[in-house]
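Reviewing the structure listed below.
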Amino acid sequence: MCSKFSHGVDMYAVVLENESSSIHIDAVIDPLSSSGQKLASLLRLVSKSIRPSMRLVLNPMSSLVDLPLKNYYRYVLPSVDDFSSTDYTIYGPKAFFANMPPSKTLTMNLDVPEPWLVEPVVAVHDLDNILLENLGETRTLQAVYELEALVLTGHCSEKDQEPPRGLQLILGTKSTPHLVDTLVMANLGYWQMKAFPGVWYLQLAPGRSSELYALKDDNDGGQETTLSKRIIIDDLRGKLVHMEVTKKKGKEHEKLLVSADDDNHSQQKKKGNQNSWNSNILKWASGFIGGSGQSKKSKNSAVEQVTGDRHGKTINIFSVASGHLYERFLKIMILSVLKNTQRPVKFWFIKNYLSPQFKDVIPHMAQEYGFEYELITYKWPTWLHKQKEKQRIIWAYKILFLDVIFPLALEKVIFVDADQIVRTDMGELYDMDLKGRPLAYTPFCDNNREMDGYRFWKQGFWKEHLRGRPYHISALYVVDLLKFRETAAGDNLRVFYETLSKDPNSLSNLDQASQCFNDLPNYAQHTVPIFSLPQEWLWCESWCGNATKSKAKTIDLCNNPMTKEPKLQGAKRIVAEWPELDYEARRVTAKILGEDFETQDQAAPPAETPKAISDPQLEDEESKSEL
């Protein structure tokens, strides 16, 4: 085999000749595109395994405003080299990156087949903030990932009608029919559930879905219906299921999504307690549902509960975090909630990007402090425009999948930013009347006049679009999931997102990692109405100033675009109780992991005067934070 370069007027080619090969490959590649990056790695593997002759034509863009590739990519496939030629040793496929920049902050991520849900299970270092120069004597960073589950996806249709959006589905086995649940989206009638290889049965959920609709039998060309659809997953490619439903006789003109405030629907609900019974079925099954199976005890959060010294209805709080720094903030947020809230609390964490260390610590922390938790996940749909940066994808989970990421039994949830400190009983916010709106946010403060020049929503496009409505901050908000699903708010938000996200000029602050997802609910509030929370529910120094700090019920460590003060430094200066909460969280973490906390921390007193933070790793993470 030999290679040579040839060039014409408008192209350059790499030719790999192998006269004995019966396979010849011609490939035209843009070497600076993400698809070209993947194709080059794949062709390299093909060349090594079957040795074809090739002609690779390099066809880059004639002009570039910015370098389109911002990552290092390796394509991994099983090969004969995975097995030892002398014994029974199995090396396994691996990706190896050499000569990496030591002073640049890197993020490790996997590009896996769409049906796979993969997570890191062993990782000593922070995979979201890798600084190779900090590894010291350790010259190699290693991480072990695990295929946790497969994604079962499908499309639901109704003859001569739009997809039945909001239709609720359950998936289980013959012995346990309800293990996972979801609802049908408007776009292509798409739905998704987490599953494993095996035999599954798909059914319509008890309640309005099964009252109005029936599953059509695949094996019959007529109008026969069936109670369940059998699905067999027998490989690692997942499954794409096409299903058709039909309205039951006499129900042809009834709407699936009916507001609880609708008079006709209210009268129907008075016919006995059937709907309430169906709701309880879903709530009972919620203990089996979720991303991790680590829900602590199967309980109904809508009824009175007693957990240690806590009693009353459970308060559900969810959050997202990525990287060791924000997981540190997350533990502090948890402690601040528990120390101020009297009722039982259940935390919901987006599992996709949590570190192995956090997932090891949280069960012990839950046991020690007496709270429940559940790890949930959702795979980004292939048809929805996907963000390229990992941090943007993480923040998208705050808003885009609220209707499908939680079990259908969950009726209300509060989002609390990882870097937030709670100073009040969250039961007050949980019980607040949202006046029929699916979402409740706090408007941005406007009393700190020094920040007037940064309030983009007071001028230009946003001033015209809002027309007197407030611009809200997304660090704390309440979701009435019942109203959110009844009004198809999730579908509406995804439509707005799909339109706006493809145009980088359509949203005001896309340079901020999460700003487009702060813009989204504000942009859509004419269609998805927002209840404005009283101002004291969210205070941050940058926008609110110190005059209203004493009334703050939560404090958010939002960035200051003027000073750009590091978040850790600001936390110790702004929030009096933060050092003590941080000390407690790190002490408990060290205890759980069996580390010597006194040696690790030099027994620093909780109220120690803060020092400036100059760690470049933390500075880099800071740039990803929300306003």
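What you see is a predicted model, and the numbers here were worked out from it, not measured in a lab. Sequence positions, counted from 1, serve as the residue numbers for this chain.
Within the 4.5 Å cutoff, no side-chain heavy atoms of S474 are placed close to those of I399. With a 4.5 Å cut-off on side-chain heavy atoms, N352 and I394 do not count as touching. For the pair L183 and L169, the minimum side-chain heavy-atom distance is 4.5 Å or more. Residues L131 and N129 fail the side-chain proximity criterion, which asks for heavy atoms closer than 4.5 Å. Looking at heavy atoms from C-beta onward, F349 lies out of side-chain contact with V320 at the 4.5 angstrom threshold. For the pair E374 and F406, the minimum side-chain heavy-atom distance is 4.5 Å or more. Counting heavy atoms from C-beta outward, E146 and V144 have side chains that stay 4.5 Å or more apart. Between H465 and N522 the shortest side-chain heavy-atom distance does not fall below 4.5 Å.
Here the options are Y190, W348, F401, Y397, the test is ring pair (Phe, Tyr, Trp, His ring centres under 6.0 Å), and the partner is Y378; only F401 passes. Results of the side chain to side chain contact (heavy atoms under 4.5 Å, CB included) test with M193 over L202, L179, D181 single out L202 as the only residue that passes.
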Next item on the list: Go through the steps to decide whether R51 and S21 satisfy the test side chain to side chain contact (heavy atoms under 4.5 Å, CB included), and finish with yes or no.
Entry: CA-CA 7 Å; R51 297 185 178 278; S21 175; 5.9 Å; no
Checklist line | Steps toward side-chain hydrogen bond (donor to acceptor under 3.5 Å, both in side chains) verdict (Q37, N71) | finding: CA-CA 10 Å; Q37 193 178 40; N71 58 42; 2.8 Å; yes
Next item on the list: In sequence, state the C-alpha distance, the side-chain angles, and the governing distance for D519 and Y471, and then conclude on side-chain hydrogen bond (donor to acceptor under 3.5 Å, both in side chains).
Entry: CA-CA 8 Å; D519 284 346; Y471 187 91; 2.3 Å; yes
Margin query: Under the criterion side chain to side chain contact (heavy atoms under 4.5 Å, CB included), I'd like the reasoning laid out for L354 against E327: C-alpha separation, chi angles, the key distance, then a yes or no.
Written below: CA-CA 8 Å; L354 291 175; E327 289 175 353; 4.0 Å; yes
Next item on the list: Could you give me the CA-CA distance, side-chain angles and deciding distance for I393 and Y353, then say whether side chain to side chain contact (heavy atoms under 4.5 Å, CB included) is met?
Entry: CA-CA 10 Å; I393 297 172; Y353 301 103; 3.4 Å; yes
Next item on the list: Please assess E498 against N187 for the test side chain to side chain contact (heavy atoms under 4.5 Å, CB included), listing each intermediate value before the final yes or no.
Entry: CA-CA 11 Å; E498 183 73 8; N187 193 304; over 6 Å; no
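Taking all atoms of both residues into account, the shortest heavy-atom contact from Y145 to P120 is CD2-N, 3.6 Å. Of all the heavy atoms in V112 and V118, the pair that sits closest is CG1-CG2, 3.9 Å. Minimum heavy-atom separation, I592 to D360: CG2-O, 4.5 Å. Of all heavy-atom pairs between C558 and S542, the closest is O-OG, 3.6 Å. When all heavy atoms of L384 and R494 are compared, the pair lying nearest together is CD1-O, 4.2 Å. Minimum heavy-atom separation, A27 to L43: CB-CD1, 3.8 Å.
Under the salt bridge (Lys or Arg N to Asp or Glu O under 4.0 Å) criterion, D87 pairs with no residue at all, not counting sequence neighbours. Scored by the side chain to side chain contact (heavy atoms under 4.5 Å, CB included) test, L593 finds Q357, V361, T589, E595 as partners (sequence neighbours excluded). Partners of Y477 according to the ring pair (Phe, Tyr, Trp, His ring centres under 6.0 Å) rule, which considers only residues two or more places apart in sequence or in another chain, are F415, Y441.
Within 6.0 Å of atom NZ in K386, more than 12 heavy atoms from other residues, nucleotides or ligands are found, so the atom counts as buried in its surroundings. Other residues, nucleotides and ligands place more than 12 heavy atoms under 6.0 Å from the CZ atom of R74. Counting non-hydrogen atoms of neighbouring residues, nucleotides and ligands closer than 6.0 angstrom, the CE atom of M100 exceeds 12 such neighbours. The number of heavy atoms from other shown groups lying within 6.0 Å of CZ (F496) is above 12.
In terms of modelled atom types and a separation under 3.5 Å, the side chain of K567 and the main chain of L557 share a donor-acceptor contact. N559 places no side-chain N or O within donor-acceptor distance of the main-chain N or O of P561, the cut-off being under 3.5 Å. D556 contributes no side-chain N or O that, together with a main-chain N or O of A475, makes up a donor-acceptor pair within less than 3.5 Å. The backbone N or O of K379 lies less than 3.5 Å from a partner atom in the side chain of Q192, making a donor-acceptor pair. D417 places no side-chain N or O within donor-acceptor distance of the main-chain N or O of D419, the cut-off being under 3.5 Å. Checking side-chain atoms of K331 against main-chain N and O of R586 turns up no donor-acceptor pair under 3.5 Å. For Y497 (side chain) and H385 (main-chain N/O), a donor-acceptor pair under 3.5 Å exists by modelled atom type. Under the 3.5 Å distance criterion, the side-chain polar atoms of R485 are matched with a main-chain donor or acceptor of L408. Of the possible donor and acceptor atoms, none in the side chain of T182 sits under 3.5 Å from a partner among the backbone N and O of V404.
Within the model, atoms CD1 of I130 and NZ of K104 stand 15.5 Å from one another, a figure rounded to the nearest 0.5 Å. Taking CD1 of I317 as the reference point, atom CE of M333 lies at 6.5 Å (rounded to 0.5 Å). Remark: R55 CZ to I25 CD1 distance equals 13.0 Å, nearest 0.5 Å. In this structure, the separation between CG on L39 and CD1 on I29 is 4.5 Å, given to the nearest 0.5 Å. Distance check: S47 OG to L42 CG gives 11.0 Å after rounding to the nearest 0.5 Å. Rounded to the nearest 0.5 Å, atoms CG (L236) and CZ (F196) are 12.5 Å apart.
Remark: R165 does not engage D403 in a salt bridge, criterion side-chain N to carboxylate O under 4.0 Å.
Proximity of the aromatic rings of Y72 and F97 is defined here by a centroid distance below 6.0 angstrom, and this criterion is not met.
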